[in-house]
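To start, the structure itself, in structure tokens.
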Amino acid sequence: MELKQMAPSIHILWLLSIQFLVLVNGGKIPAIIVFGDSSVDSGNNNYIPTVARSNFQPYGRDFNGGRPTGRFSNGKITTDFISDAFSLKPAIPAYLDPSYSISDFATGVTFASAATGYDNATSNVLSVIPLWKQLEYYKNYQKKLRAYLGDRKANGVISGALYLISVGTNDFLENYYAIPGRSSEYTIEEYENFLVGIAASFTEKLYELGARKISLGGLPPMGCMPLERTGNLMGGSECVDSFNNLAADFNGKLNALVIKQNKKFHGMQMVFSDPYGILLKMIQKPAVYGMVFALILLSCV
């Protein structure tokens, strides 16, 4: 089943999770600013030397013009739908795409890079943009925004924008369990805590740069991803429960972090956006969502 047919429930979930952030700001936001991996990359990897790209068919076949854009989707990705729902723009452009400028980015931009993770070692696997570099791009964006809008208007955009973060799956599936290194340094619980520490530092830095309304995304049921199910021959190509349990455990730690950060930083309004439950329901009971069967749409990059 194609992504576009499963997507509405996911988009609604994320929209609901950030609803109160919008209400706090009088129901209107000036921009959406995005960090993360392939779940929210609209084409940045097209402009860096990596094999982690989706700028070829059949990607993009249902996007405007039927062209691949670098989105790991047959059409729009979740952040595009959110932007459109808030009447900002129909799709969020990639920061590294030279066909766009600060006038386009003023109401929405993504710094995300497919195959990245919280851990710098994860981004090194396929030579993609690490999270710290995405933050550096954001700092540069702020300078351009101030030059374009002036300090007062730019500060309003920065403080009023929604900041969406979607990352973490690759740290486990493309790094910890895939290559030597982190698994010899950390137990899995220690590695989870290591990643949560990076998430804490990243959201704190965003806050220091002026962000107030932040949606921190959790992990999907990553044991149900195509590669994991394909490799689970002994289990009849069903979902890998151990990976799903890990995702649920990690999500609990991220949720606890959100609660802690909101108490620690005055004016921070962060929510935890958890895709795990609804995606697992769609996988287990596709008929409820109007599907005969569900081929898992989730990408590992």
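The aromatic rings of Phe111 and Tyr137 sit parallel to each other, their planes meeting at less than 30°, with 60° as the upper class boundary. In this pair, Phe35 and Phe202 present their aromatic rings perpendicular. The plane angle is above 60°, beyond the 30 to 60° band. Using cut-offs of 30° and 60° on the angle between ring planes, the pair Phe172 and Tyr191 is perpendicular.
By the 4.5 Å heavy-atom criterion applied to side chains, Asn74 and Phe63 are not counted as neighbours. A 4.5 Å side-chain heavy-atom check between Asp171 and Tyr176 finds every atom pair outside the cut-off. Residues Leu126 and Glu174 form no side-chain contact, since every pair of their non-hydrogen atoms from C-beta on lies 4.5 Å or further apart. Counting only heavy atoms from C-beta outward, the side chains of Glu238 and Arg229 approach each other to under 4.5 Å. Leu257 places a side-chain heavy atom less than 4.5 Å from the side chain of Leu216.
Under a 3.5 Å cut-off, the side chain of Ser123 and the backbone N or O of Asn120 do form a donor-acceptor pair.
Ion pairing between a basic and an acidic side chain is recognised when a charged N comes within 4.0 Å of a carboxylate O; Lys89 and Asp104 show no such pairing. The pair Glu185-Arg182 meets the salt-bridge criterion, since a charged nitrogen lies less than 4.0 angstrom from a carboxylate oxygen. No salt bridge links Lys133 with Glu136; every basic N to acidic carboxylate O contact stays at or beyond 4.0 Å.
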| request: Please lay out, stage by stage, how Tyr163 and Tyr138 fare under the test side-chain hydrogen bond (donor to acceptor under 3.5 Å, both in side chains). | output: CA-CA 11 Å; Tyr163 293 79; Tyr138 172 62; 2.7 Å; yes
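In terms of hydrophobic clustering, with Ile, Leu, Val, Met, Phe, Trp and Tyr side chains grouped at heavy-atom distances under 4.5 Å, Ile214 and Leu209 are assigned to a common cluster. In this structure, Val109 is not a member of the same hydrophobic cluster as Trp132, with clusters built from ILVMFWY side-chain heavy atoms closer than 4.5 Å.
Separation of atoms CD (Gln261) and OG1 (Thr203) is listed at 4.0 Å; rounding is to 0.5 Å. For the atom pair CG of Leu88 and OG1 of Thr107, the computed distance is 6.0 Å after rounding to the nearest 0.5 Å.
Judged purely by distance below 3.5 Å, without hydrogens or angles, the side chains of Ser166 and Ser39 pair a donor atom with an acceptor atom. For the residue pair Asn45/Ser113, the side-chain donor-acceptor check at 3.5 Å is satisfied.
Cation-pi geometry between Arg71 and Tyr59 is not satisfied (NZ or CZ under 6.0 Å from the ring centre, within 45° of the ring normal).
Under the 6.0 Å cut-off for aromatic ring centres, Tyr100 and Tyr95 do not qualify, their centroids lying 6.0 Å or more apart.
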